[in-house]
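Given the structure is predicted, the values throughout are model-derived calculations rather than measurements. Residue numbers start at 1 and run along the sequence shown.
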Amino acid sequence: MITTVLLGLLPVGPASAADDECRVSELTSARVTASVRFKHEGEDYSKAEGLLTVKVPKSWSRAPDLLLNGDTERYRTAMRCLLRFPDDPFPYRDTEGRTAAPEVTVEEKWVTVDQRVLTWVTGLQTRHFGPWSLTVGDRLWRLELMPPSALGRAWWRKVTVDLGGRPARQVSSPPTTGGPTELTWVQRKASGKPPEIDVTLQPPAAKASAARWSEHPWYVLDALGWLPLHGALLVLVLLTARAVRRESVSAPSAGAVPRTTRNLLIVAGLAFAITVVQLFDDTLLGHFARQGTAPFWTDEHRISVHMGLALLTGLGLCGFGRPGRAALAAVVAATGSGLAVACRPEWFALPSGLWLDWVNAPDDVLRFRDGGGLVAFTASCTCVVFVWLVGVTAVLLRLWRAAGSTAPGRTPGRFPHAWLAASAVLSVALCAVSLWSAQNVWEHQSWLSRRNASEDYGLWHMATLFADLRWFPSDWLDWFHGTYFWWWAPSLAILAVLRARDTAAVPVTALPSAAELRTLKAFFVVCVAPVVGWYAGVPLPLLSLLALWLVLSGLLALGTRRAVLNRELPRTGHRLHEVARGADRQRLLNAARRHRELHAQLRRLEQGQQEEDRFRLEGELDRLHRLPHPSPPPGLPNTWIRLPPSIGPVELALAWGPRATAWGNGCRAAYFAAVFAVPGVVLLVWADHVRGIRWADKFVQRFGLVDTVTAAVALELLWVGAGFTLGVLWRVLPGRRGPVRAAGLAFVYASPVLVQLAGSRLVGQPLGTWPLELSLVLLVLTLTGLAMDIDTFRGERRYWPTRTGLLLSVYQWRTASVQMAFLVGQLVALVTIWQQLKGNDPMILIERSPSESTGGSGN
């Protein structure tokens with residue numbers, strides 16, 4: 001009592017407005033625990049997760065406000081007192097990720113607030129999350145506890161720092177308990193002062209590299225690291241076009257071949273040029289801005305340059321696609337509107353340089369808000385998207401129409417007006433959703449701000465919203481072209497070349513020619529193969545590309561010796577595809593059917609179910625294993641020659657596939673793959689885009705929602721392309737059954753991913769959903785191979801009640817063995833999927849655009 005009286009008589013300084021607002025004197029009995037845990041292994045970047053638990057007495061005046069709706073000012077004020085610095089009316093954090101709002105629990109005497117936050121160390125800037133501050137250096141990181149000022153006299157009972165298995169390099173105050181990698185400060189009694197925690201740690205070299213690689217000047221090297229991949233693809237396409245031109249075809253419809261080849265060269269060059277712009281538009285401008293080079297373009301009018309580059313690349317696509325008069329008029333109008341906003345922003349209530357400074361130039365923000373500047377800039381972004389969508393559609397239409405056109409000159413056809421209207425609607429929707437996502441980001445990062453404090457909040461809000469949206473033109477190139485279009489257009493151009501060659505092939509050849517094999521390899525690399533090769537922030541995609549090329553070449557080389565149609569006939573030197581021609585397919589199918597019937601009779605004979613002349617059955621089987629001699633000796637026109645060992649009539653029929661040409665087999669396999677891939681696409685989209693908090697993350701990403709749709713389309717196209725490749729290469733792949741052929745191609749697909757997984761193990765990166773995707777690719781291709789084998793004998797389908805029965809007859813399998821194999825396969829699939837999908841849900845983190853924070857963008 002004496003102590004209390006003496007403390008009451010001591011002079012007290014004037015209370016701040018924040019102290020009065022938070023009733024700091026009522027929080028002296030509050031109890032606080034805090035923890036932070038680093039995780040380095042199994043992440044692309046080092047992750048720090050924090051938990052702050054504050055127990056305030058019910059007698060605190062603000063305690064009832066903690067139970068209000070999050071949109072109320074009283075709730076934000078109470079949370080700001082416990083979690084931030086109440087003196088700051090506009091707290092804003094773009095390095096703090098939250099999966100949900102703080103959890104509030106009411107007890108008998110206490111109200112408990114639990115806040116979970118996290119941050120990924122993606123750069124060298126200082127990161128604030130919860131009560132922690134992390135200063136990231138080149139090699140050493142500094143972690144400090146920065147308790148909210150309103151809790152400065154509370155009882156900090158326990159503070160724990162888990163360094164993720166890395167001993168500290170320096171600790172300011174000795175911990176109470178713990179070890180080298182986990183430090184704990186415990187206060188047994190209320191001391192009125194939080195512990196002073198200042199820890200220096202050294203992360204793994206791989207994680208330090210990943211954080212440093214996004215900084216200046218390393219982000220320029222990041223773009224240079226991805227450029228060789230696109231350069232190698234361009235060289236591959238050029239070599240493919242040269243091989244096609246050298247291997248001429250003579251037919252009335254052969255004019256489509258040089259036309260599609262020319263289109264392939266143009267599209268490959270155009271895609272490479274746009275890729276260069278996409279890789280270096282941010283990085284070089286940011287680098288030059290840091291160096292003070294050409295500040296008029298790199299600093300003062302940087303956004304206008306991005307707008308101009310986005311429109312210019314879209315016009316390049318329209319120039320090649322030649323969409324037609326109506327579409328061209330709409331494109332010219334949209335381009336003019338976008339350039340007017342970029343070159344004369346003051347006409348549209350936009351600031352010079354397209355940058356708002358609400359602190360030093362509030363009048364510009366007021367003019368921007370009242371004059372509809374945000375609407376004008378959003379409309380200019382809509383023009384960019386519209387020009388691109390029209391150009392992309394026109395390019396795809398021209399590429400495909402050229403393969404079926406026989407007349408020289410311009411490809412016939414027009415740009416459908418319905419597609420023009422759809423492009424306009426989609427452009428408006430994309431930009432509207434982008435503006436909405438920018439607002440969601442603002443709500444997430446400024447959720448504790450005082451909304452009705454003054455007019456400054458509105459100015460700050462508008463300036464920050466525009467600062468996010470102004471990067472739309474650059475982000476559009478990075479997302480749409482950098483993720484999808486760079487491989488969509490060349491893939492379709494390669495398909496058009498193959499289609500034109502199939503139409504012009506006279507006579508029809510059994511196997512793909514050398515030029516067609518090179519074209520198919522290029523198609524698989526460009527369209528189907530996964531793009532991987534990111535290790536600790538360093539892009540090395542050529543390693544995975546080299547592994548893919550070697551495995552694919554090895555598989556085809558093995559097929560030249562072990563494929564059924566490439567097997568040599570005994571004593572003649574001829575290969576099977578030279579003897580068993582496409583015109584003999586029906587005879588081969590009849591022989592295969594008779595072969596299966598005779599084998600069934602032999603099995604029943606062995607089981608004593610019927611009485612037959614075994615020698616007669618074996619003699620007929622022996623005759624079915626013979627083919628006419630390809631070059632019989634003079635005077636012996638009816639000479640026969642035996643099939644190679646392990647090759648029978650069934651294997652020979654299966655080797656031809658269900659269609660007469662390789663292109664027909666490819667289209668048939670693409671159809672089967674498209675059907676079988678739908679469940680896999682749904683599963684992967686759920687795992688990568690919807691599972692856990694990932695769906696909520698879509699609402700704060702600029703192209704998050706539409707990316708879910710485009711990712712599903714891209715996955716479907718990828719697996720359709722894999723099925724098409726399987727079908728076209730059906731006759732040159734090793735193996736006697738469809739699943740064996742599919743397994744070889746699935747291994748080719750997995751080869752670059754296996755290189756990535758090995759590197760990820762070395763640098764401690766996560767495996768992601770790659771194991772799940774590889775298992776699904778194998779499953780889809782295996783089912784496609786089975787369907788191709790069934791479709792080969794589709795003429796017998798009406799004689800069998802189910803396709804399974806036909807398959808058992810074709811493969812001559814026993815029912816028990818098939819059921820056992822099916823069960824084992826199902827168990828393996830279930831275990832794989834469970835191992836892949838179990839675990840904690842991912843957590844989100846909203847970061848400022850690299851182009852804003854560092855002056856450039858990484859990949």
Side-chain angles (χ1 to χ4, degrees), residues 228-237 239-240 243 487 490-491 494 498 511-512 514-535 539-566 662 666 669-670 673 715 718-762 767-782 784-785 832:
L229 171 66
H230 298 277
L233 296 179
L234 177 62
V235 172
L236 177 61
V237 171
L239 294 177
T240 299
W487 62 273
S491 299
I494 296 174
L498 291 173
L511 302 183
E516 290 170 345
L517 283 178
R518 182 182 291 273
T519 307
L520 284 168
K521 291 170 68 174
F523 175 78
F524 190 87
V525 171
V526 174
C527 176
V528 181
V531 178
V532 291
W534 189 88
Y535 309 98
L540 297 173
L542 286 183
L543 292 178
S544 301
L545 181 63
L546 178 61
L548 171 73
W549 187 261
L550 291 177
V551 176
L552 180 58
S553 301
L555 179 67
L556 295 179
L558 181 62
T560 58
R561 295 186 296 107
R562 303 301 302 172
V564 172
L565 294 180
N566 274 325
L715 277 173
L718 185 148
W719 284 348
V720 169
F724 174 81
T725 308
L726 175 64
V728 178
L729 295 177
W730 187 263
R731 299 170 182 174
V732 296
L733 289 175
R736 298 185 301 159
R737 300 285 190 269
V740 179
R741 295 183 175 93
L745 196 63
F747 180 71
V748 174
Y749 180 91
S751 57
V753 180
L754 295 179
V755 175
Q756 174 69 49
L757 296 182
S760 298
R761 288 289 188 184
L762 293 177
L767 303 181
T769 56
W770 281 116
L772 175 62
E773 180 171 345
L774 293 183
S775 62
L776 289 175
V777 168
L778 177 60
L779 179 61
V780 169
L781 289 180
T782 300
T784 302
T832 302

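- To the nearest 0.5 angstrom, Cys527 atom SG is 4.0 Å from Phe523 atom CZ.
- Contact detail for Thr784 and Ala669: the closest heavy-atom pair is CG2-O, 3.6 Å.
- Applying the salt bridge (charged side-chain N to carboxylate O under 4.0 Å, His left out) test to Arg736 and every residue at least two apart in sequence or in another chain returns Glu651.
- Minimum interatomic distance between Ala746 and Leu778 (heavy atoms only, all atoms of both residues): CB-CD1, 3.8 Å.
- Here the side chains of Phe747 and Leu754 are in contact, with some heavy-atom distance below 4.5 Å.
- Rounding to the nearest 0.5 Å places OG of Ser751 at 10.0 Å from CG of Leu546.
- Side-chain atoms of Ser553 never come within 3.5 Å of backbone atoms of Leu550 as a donor-acceptor pair (strictly under, hydrogens ignored).
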Residue pair Leu556, Lys521: steps toward the side-chain contact (heavy atoms from CB on, under 4.5 Å) verdict: CA-CA 10 Å; Leu556 295 179; Lys521 291 170 68 174; 3.6 Å; yes
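- In this structure, the side chains of Gln756 and Leu767 stay at 4.5 Å or more apart for every pair of heavy atoms.
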Candidate pair Phe524 and Leu745, rule side-chain contact (heavy atoms from CB on, under 4.5 Å), full reasoning: CA-CA 10 Å; Phe524 190 87; Leu745 196 63; 3.9 Å; yes
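- The distance from atom CG of Leu239 to atom CG of Leu234, rounded to the nearest 0.5 Å, is 9.5 Å.
- Between Thr725 and Tyr749 the shortest side-chain heavy-atom distance does not fall below 4.5 Å.
- Side-chain contact between Leu729 and Leu517: present, with at least one pair of heavy atoms (C-beta onward) separated by less than 4.5 Å.
- Shown here for Gly723 and Ala673, the closest heavy-atom pair between the two residues is CA-CB, 3.8 Å.
- Summarising the geometry of Pro512 relative to Ala662, their closest heavy-atom pair is CG-CB, 4.4 Å, with the distance given to 0.1 Å.
- The side-chain heavy atoms of Leu548 and Val748, taken from C-beta on, include a pair separated by under 4.5 Å.
- Here the CG-CG distance, from Leu726 to Leu520, works out to 11.5 Å after rounding to the nearest 0.5 Å.
- Within the 4.5 Å cutoff, side-chain heavy atoms of Leu511 are placed close to those of Asn566.
- Residues Gly768 and Pro771 approach most closely at O-CD, 3.9 Å, considering heavy atoms.
- We find the CG-CG distance between Leu781 and Leu776 to be 11.0 Å, quoted to the nearest 0.5 Å.
- Rounding to the nearest 0.5 Å gives a distance of 11.0 Å between CG of Leu762 and CG of Leu757.
- When all heavy atoms of Ala515 and Ala243 are compared, the closest pair comes out as CB-O, 3.6 Å.
- Atom CZ of Arg731 has more than 12 heavy atoms from other residues, nucleotides or ligands within 6.0 Å.
- You'll find the side chain of Val532 reaches within 4.5 Å of the side chain of Trp770, heavy atoms only.
- When atom types are taken as modelled, the side chain of Arg562 and the backbone of Pro734 share no donor-acceptor pair closer than 3.5 angstrom.
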Step-by-step side-chain contact (heavy atoms from CB on, under 4.5 Å) determination, Val528 to Phe724: CA-CA 10 Å; Val528 181; Phe724 174 81; over 6 Å; no
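- Between the side chain of Arg741 and the backbone N or O of Gly735, at least one donor-acceptor pair lies under 3.5 Å.
- Proximity of Leu498 to Val728: side-chain heavy atoms (C-beta onward) are nowhere separated by under 4.5 Å.
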